[in-house]
Structures are given as C-alpha cells and as structure tokens.
**Q** 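First the structure, which I've put down as structure tokens, then a few questions once you've had a look.
Just so you know, these numbers come straight off a predicted model, no measurement behind them. Side chains included, hydrogens not; waters and symmetry mates left out as well; all remaining heavy atoms used.
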2 protein chains.
Amino acid sequence: MMELTRKGEYAIRGIVYLATRPMDKVCLLSDIAAAVDVPPTFLAKIFQQFSKIGLVRSFRGTGGGFVLGRSPESITLLEVVEAVEGPIIPNRCVSSPSNCERSGLCNVHPVWQRVQDEVRGVLQAVTLKELSTQNKR
Amino acid sequence: MMELTRKGEYAIRGIVYLATRPMDKVCLLSDIAAAVDVPPTFLAKIFQQFSKIGLVRSFRGTGGGFVLGRSPESITLLEVVEAVEGPIIPNRCVSSPSNCERSGLCNVHPVWQRVQDEVRGVLQAVTLKELSTQNKR
DNA sequence: CATAAAAGGATATAAAATGTCTTTTTAGGG
DNA sequence: CCCTAAAAAGACATTTTATATCCTTTTATG
C-alpha cells in the first residue's frame with residue numbers, strides 16, 4: 001500500500017535531473033532519459049504532463065527540448081508527484097464527502113484525513129532545489 | 001497514489017465491527033459481512049489473514065465464528081492495515097537499502113522515509129477502541 | 001522543403017486488485 | 001459414528017491499473 005509507481009519514480013528522477021542543469025540550457029528528452037535510466041518513450045509521456053501544467057517548458061523542432069518551467073526552489077516534490085500520480089488520496093472517502101456514505105458515523109474518516117495532511121505536508125516541504133543539490137555531509 | 005485498496009477498506013470495516021461486539025460473543029463471518037456490506041468470500045480471506053497473526057480468533061464448526069484476538073484498545077489501525085496490505089512502503093527504496101542503488105547520492109530517499117514514519121505514526125496512534133465507539137458529539 | 005524534436009493517440013503486455021468456487025478440515029450434536 | 005455447520009485452503013476468473021511501445025502529427029529551424 002501507499003507505494004509510489006514507476007511513473008512517479010521516473011517523474012522525480014527526470015525533473016530532478018533537469019533541475020541540476022542550468023536553466024538556460026535546453027535538454028533533449030533522450031539525454032534526460034539516458035541520464036536517469038528511464039525508457040525514453042515513457043519519460044516523454046511524463047514530461048508532456050509536466051509541460052501542460054508548466055512545471056517544464058518544451059521546445060519543438062531542431063534545438064528543441066525541455067527546461068524547467070519555474071525556479072527549482074519554487075517547485076515542490078508534492079507538485080511533481082501529484083502532476084503524474086494525481087492527488088494524494090489515502091482513502092476514497094477523503095476525496096469527497098459524498099464518497100463516504102458513512103462519513104457521518106465513520107470514525108476512520110478523520111484518520112485518513114490526517115494521513116493525507118501529513119503526507120502532503122512532508123512532500124510540500126521539499127523543493128527541487130534541495131533535491132538537486134548535493135548537500136549530504 | 002497512496003490509496004487504500006478495497007481489501008484494506010473491508011478489513012477495517014470488518015474488524016471495527018467485530019470490536020463493537022462483546023468479546024465473548026462469537027460472530028459468524030456471514031453476519032459480519034452482511035453488517036458491513038462486504039462480499040462474504042472476500043471477507044473470509046481477510047479474516048484468515050487476521051487469524052494467522054492473532055488479530056482475531058476463529059472457531060470452526062457449529063457455533064463457530066470469530067472473536068477479537070486481543071482487546072480493542074491494544075489493536076492499532078496500523079496493525080490492521082499492514083495485516084492485509086503489507087508494510088507501508090511509500091517507495092521501494094525505503095524497504096531495503098539495497099533496493100536503492102542510488103541511496104548514497106539520492107536526496108529523495110530521506111523524504112520517503114519521513115513519509116513512511118508519519119503515516120505509520122498516525123495509524124499507530126489509533127486503536128480499535130476509538131474506532132468502534134461512537135464518540136462524535 | 002528537409003530534418004529535428006516534442007505532442008498525441010492507439011495499442012500491447014504484465015501485474016495487481018477483486019472476487020468466486022470447490023474442496024478440505026475441524027468441531028458439535030444427535 | 002454420522003450429519004451438519006462453519007472456517008481454512010487452494011484454484012480459478014474477471015477487471016482494472018501499471019508499464020510501456022509504436023506510429024502519426026504538429027511545430028520549429030536551417
């Protein structure tokens with residue numbers, strides 16, 4: 001349970017790599033894919049999703065590729081994960097009240113709400129800046 | 001991402017219901033299933049898992065059924081969820097260091113560790129006692 | 001207009017989730 | 001000792017989700 005999919009894992013790898021590159025340098029998808037060891041066609045889909053919401057900017061044609069859409073310190077891990085995995089929903093009943101017929105009498109409901117809040121909190125506190133700079137030791 | 005499966009949802013419903021019953025009263029699986037609106041055959045599998053680790057006790061034959069294996073206040077939501085969903089692993093790399101080839105250089109690793117800790121913390125803090133007593137207003 | 005590269009759409013395969021069915025084991029009661 | 005009740009165990013079926021791949025289209029550059 002609670003497991004990040006490959007897609008999410010690849011998404012993070014890809015955009016973190018992009019964050020390590022100078023923002024004025026356009027990167028080929030194929031180069032990114034090779035660098036982070038992800039199937040290029042799969043990463044393409046992921047970056048298309050990023051592009052739609054502005055996490056990255058794309059350029060077509062010769063000399064095209066991708067750059068980060070915003071500064072690394074302004075992009076949170078939460079945004080990245082939710083961009084490809086959808087919203088973080090530990091239980092259906094948390095997504096909308098109507099989904100939880102028993103919401104009135106259900107004591108479990110607030111627990112999942114708390115789980116959701118905690119997870120989002122942790123992921124929101126981390127930015128691409130921190131993830132892309134080697135700050136261990 | 002991060003979504004509890006039906007199995008987990010059913011597991012909680014079933015055992016919470018059992019916790020509302022007097023501990024000396026043996027409950028039929030079919031009755032529990034009907035009460036919490038879960039396919040009986042599916043719930044059977046779930047309760048078999050519970051039984052193996054002692055969360056519930058089972059009795060076969062005439063007059064058989066299930067009772068809670070321990071007191072409601074000693075069983076946490078975490079135990080229930082992990083009993084049927086397996087350990088809470090937000091990312092493969094958290095389960096064992098060897099799974100994360102990049103663990104040395106990977107800044108994301110500690111974040112998933114934190115997510116895991118937070119989620120486990122929330123679920124561990126909740127017992128069947130609290131879940132089975134109507135304490136809202 | 002030829003080429004490079006991303007975007008979009010359709011399709012394929014594998015794995016996991018969600019059940020169901022049948023048979024076996026265990027226990028109780030007459 | 002049989003008959004019945006109930007859980008345990010195992011095999012199977014279906015649906016959904018994950019994990020890609022391939023082909024065509026659009027867009028930009030030289």
**Q** Is it true that A/E9 and A/R13 make a salt bridge, defined as a side-chain N closer than 4.0 Å to a carboxylate O?
**A** yes

**Q** CG/B/L18 to CZ/B/F47 distance, rounded to the nearest 0.5 angstrom?
**A** 5.5 Å

**Q** Grab the CD-C1' distance between B/E3 and D/dT16 for me, whole Å please.
**A** 13 Å

**Q** Measure from NZ on A/K7 to P on D/dT21 and round the result to the nearest Å.
**A** 15 Å

**Q** What nucleic acid atoms does B/S30 come within less than 4.0 Å of, heavy atoms only: base, sugar-phosphate, or nothing?
**A** nothing

**Q** State the CZ-CE distance between B/R57 and B/M23, to the nearest 0.5 angstrom.
**A**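 One gets 8.5 Å once the value is rounded to the nearest 0.5 Å.
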
**Q** What is the separation between atom CG on B/L43 and atom P on D/dA7, rounded to the nearest whole Å?
**A** 10 Å

**Q** Distance check: side-chain N/O of A/T5 vs OP1/OP2 of D/dT17, anything under 4.0 Å?
**A** no

**Q** Just the endpoints, please: which first and last nucleotides of DNA chain C, 5' to 3', lie under 4.0 Å from a heavy atom of chain B?
**A**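 Endpoints of the contacted stretch of DNA chain C: C/dT18 to C/dG28.
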
**Q** Which pair of non-hydrogen atoms, one from A/A83 and one from A/I53, has the smallest distance, and what is that distance?
**A**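 The pair with the smallest heavy-atom distance is CB-CD1, 3.5 Å.
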
**Q** Classify the side-chain pair A/S51/A/Q48 by whether it contains a donor and acceptor separated by less than 3.5 Å.
**A**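 Per modelled atom types, A/S51 and A/Q48 side chains form no pair under 3.5 Å.
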
**Q** What's the NZ-P distance between B/K45 and D/dG10, to the nearest Å?
**A** 9 Å

**Q** Over all strands shown, is A/F47 touching base, sugar-phosphate only, or nothing at heavy-atom distances under 4.0 angstrom?
**A**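 Result for A/F47 = nothing.
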
**Q** A/F59 CZ to D/dG30 P: how many Å, rounded?
**A** 14 Å

**Q** Looking at A/T41, I'd like to know whether one of its side-chain N or O atoms comes within less than 4.0 Å of OP1 or OP2 on D/dC22.
**A** no

**Q** Starting at the 5' end of DNA chain D, which residue's closest nucleotide do you reach first, A/F42 or B/T62?
**A** B/T62

**Q** In whole angstrom, give the distance that lies between atom CG of A/L4 and atom P of D/dA18.
**A** 11 Å

**Q** Supply the atom-to-atom distance B/H109 NE2 to A/L131 CG, rounded to the nearest 0.5 angstrom.
**A** 13.5 Å

**Q** Can you measure B/D31 atom CG to D/dA5 atom C1' for me and round it to whole angstrom units?
**A**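 From B/D31 CG to D/dA5 C1': 13 Å.
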
**Q** Nearest-Å distance, CD (A/E85) to P (D/dA18)?
**A**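 These atoms are roughly 8 Å apart.
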
**Q** On DNA chain C, does the nearest nucleotide to B/G8 precede the nearest nucleotide to A/Q48 from the 5' side, or the other way round? Give the residue.
**A** A/Q48

**Q** Are side-chain heavy atoms of A/I89 and A/Q116 found at a separation under 4.5 Å?
**A**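 Result yes, sub-4.5 Å side-chain heavy-atom pair found.
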
**Q** Would you indicate, yes or no, if D/dA8 has its OP1 or OP2 atom less than 4.0 angstrom from a side-chain nitrogen or oxygen of B/R60?
**A**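 So the side chain of B/R60 is outside the cut-off, no N or O lying under 4.0 Å from OP1 or OP2 of D/dA8.
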
